[in-house]
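Working notes, beginning with the structure itself.
All values reported here derive from a predicted model rather than from experimental measurement.
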Amino acid sequence: VSGRESLASIEGVGLHPFGSHPDRSLGDLAAVAIEGALADSGREASDIDIAFVGNSLGGPLAGQETIRGQVALRSSGLTGLPIVNVENACASSSSALHAAVMAVRSGLYATALVVGVEKMYIGDTSRTLQALGGASTAGLYATHGLQFTSLYAMAAKTYLDQGGATLEDFALVSVKNAANGARNDVAQFRKERTVEQVLASRPIAEPLTLLMCCGIADGAAAAVVTARGSHDRSVGIIASALRSGQYRPAGSTVPSSVAITADVAYHQAGVDPSDVGVVELHDAAAPQELLHLEDLGLTGDRRGWELIRAGETALDGRLPVNPSGGLMARGHAIGATGLAQVAELVTQLRGEAGERQARIERPIGLALNTGGRTVDDRAAIAVTLLAR
Amino acid sequence: MIEALSGGRCPACGDVAVPYAHRCPACLRGAPCEPVALSGAGRVTQFTVLHTATGRFAAPYVVGFVAVPEGATLYCRIEGEDGARPDVRVGDPVRLEDHEGELRCVAEGAR
């Protein structure tokens, strides 16, 4: 891994296609991703010493509380080994990856399996929204009807008011991610879109339209993690930063929690933002992609819109962003999303992404996965840096 | 007094956190914080209109961030005086009230 010391290595990754899979259980979804990760890593199921399973909504939506990992992994034949259930809203599986890095880095376990799995399609949007509301401080949904899109919409309005960016820039993000998703065989939405279609789609949270927002999805992702990769397709984890959102007194000038977490990651790896060559980030809504690029230090403040307008974040641009299609096109199966981002970066850094292979000028990938909402801030923020 | 309408003033740094926290989340030094009842006044700092109904609220409905003079900013669904959808603008005054044990945020001065 290019001379830089890694915290741990990813030996293999696997995915279950994101989308609507009403006939598949959490275990069915996980099994496909796990088989993929084992095959990709050249490992046997019997090699796994510990498993961390990220899931968020299995209680309200799949009818399985508190031991979802044990229940889901039985389908993959995995019993007996330690299985740790990790729940951290939309950052559940990046949190599970963080725990796996600690497990193999400590030397206590040699080979860890990380799984992210989620089922959100139950044929009742209102119930899914209610379950998603559970990712916020109790009361925000029940009393105030909190929907995450409202947070993105208000941030977008503020961003527009600052000048420079336009609604068309948000639409350009949707168009780029739809184009990438169209080339990804595990993506939920595989249809190219135009700026006009994005702007004309129905309003969700003003000023955001339907095609500026991610949907819901069923899906799974898995990875095999060891302290040192056993083969030359292994990809190094050079940083794994996990934080929670924080309280800010009135008038506070403390940077955003994304910026703080990214700084922790850059410091862990000993790299600068300018070393990053490919990004998967949390585009739960199109404007978030622009805001995140700024918070991650990948462009200047209030300059995110310039990157999308100039095509710099396209597959052949200077800094490809969301080559998988992102949350908007690959899909957002919330407990699986963080690990799906990491799986995409592994594939991209190996140069194995086929039709959607990005032109990567610097062999470091960054994943940003955020989740949940407290009265103060986002609940969880994870930034993972990978290097080949 | 409902939780969302009460804050805590830090004995060390003086910051008021809403809702109440035992130890001050701003400086981590002051504990216990002194309970403070909010005046109920507030102003809209950001808002949006949601077009998807939830189990309880029919679409469209208005949500936003409301700054209170005590120093906090709260996420609230914003209602009109008669429960109708308000015509909200940034800077508009709102009234926070305890409605049968639940926080209600009402836009003042209907247009």
Side-chain angles (χ1 to χ4, degrees), chain A residues 60 124-134 136-161 201-210 212-213 215-216 244-252 254 285 287 373-378, chain B residues 2-5 7-10 13-21 23-28 44-79 88 90 96 98-105:
Chain A
D124 180 349
T125 305
S126 176
R127 256 186 73 204
T128 301
L129 280 175
Q130 183 179 358
L132 280 166
S136 59
T137 300
L140 287 179
Y141 174 81
T143 303
H144 299 292
L146 180 141
Q147 293 181 33
F148 282 87
T149 47
S150 69
L151 302 168
Y152 309 135
M154 289 190 278
K157 284 171 85 170
T158 302
Y159 193 67
L160 292 173
D161 288 346
S201 59
R202 70 181 169 86
I204 294 292
E206 296 173 10
L208 305 181
T209 64
L210 179 70
M212 291 180 192
C213 299
I216 61 172
S244 301
Q246 65 188 74
Y247 177 78
R248 286 177 174 71
S252 164
V254 173
R373 177 76 201 186
T374 69
V375 290
D376 302 314
D377 198 352
R378 294 178 176 88
Chain B
I2 60 174
E3 190 183 284
L5 276 176
R9 179 176 283 110
C10 173
C13 75
D15 184 62
V16 176
V18 181
Y20 179 86
R23 178 173 292 276
C24 174
C27 72
L28 279 175
V44 176
T45 61
Q46 299 182 79
F47 74 95
T48 185
V49 181
L50 286 169
H51 288 267
T52 307
T54 66
R56 183 167 170 197
F57 304 118
Y61 65 98
V62 178
V63 296
F65 283 110
V66 169
V68 300
E70 292 80 2
T73 302
L74 315 178
Y75 182 97
C76 294
R77 186 177 66 94
I78 303 169
E79 297 174 58
V88 175
V90 167
L96 300 169
D98 180 348
H99 179 73
E100 296 170 0
E102 199 168 69
L103 177 67
R104 183 185 248 184
C105 176

Choice from A/Gln147, A/Arg202, A/Gln130, A/Arg373 maximising heavy atom contacts with chain B below 4.5 Å: A/Gln147
Contacting moiety of B/Ala17, where chain A heavy atoms sit under 4.5 Å: both
Greatest number of heavy atom pairs closer than 4.5 Å to chain A - which of B/Cys76, B/Ala67, B/Gly71: B/Cys76
Side chain, backbone, both or neither of B/Phe47 within contact of chain A (heavy atoms, under 4.5 Å): both
Pick from A/Asp376, A/Thr143, A/Leu129 with the largest number of heavy-atom pairs that fall under 4.5 Å of chain B: A/Thr143
For the student: nearest non-hydrogen atoms of B/Thr54 and B/Tyr61, plus distance: CG2-OH, 3.1 Å
Pick from A/Gly251, A/Ala155, A/Ala142, A/Ala156 with the largest number of heavy-atom pairs that fall under 4.5 Å of chain B: A/Ala142
Side-chain ion pair, B/Arg104 and B/Glu102, N-O less than 4.0 Å: no
Note, A/Asp377 side chain near A/Arg248 side chain (heavy atom, < 4.5 Å): yes
Side chain to side chain, A/Ser136 and B/Tyr75, heavy atoms closer than 4.5 Å: no
Closest non-hydrogen atom pair between A/Thr158 and B/Gln46, with its separation: OG1-OE1, 2.9 Å
Chain B contact via A/Glu206 - which portion, at a heavy-atom distance below 4.5 Å: both
Max heavy-atom pair count under 4.5 Å with chain B, selected residue of A/Asp161, A/Leu146, A/Val375: A/Leu146
Considering all heavy atoms, the nearest B/Val49-B/Pro60 contact: CG1-CB, 3.6 Å
Which atoms of B/Ala53 approach chain A - backbone, side chain, both or neither, heavy atom under 4.5 Å: backbone
Worked check of side chain to side chain contact (heavy atoms under 4.5 Å, CB included) between B/Leu50 and B/Phe57: CA-CA 10 Å; B/Leu50 286 169; B/Phe57 304 118; over 6 Å; no
Part of B/Val90 lying under 4.5 Å from any heavy atom of chain A: neither
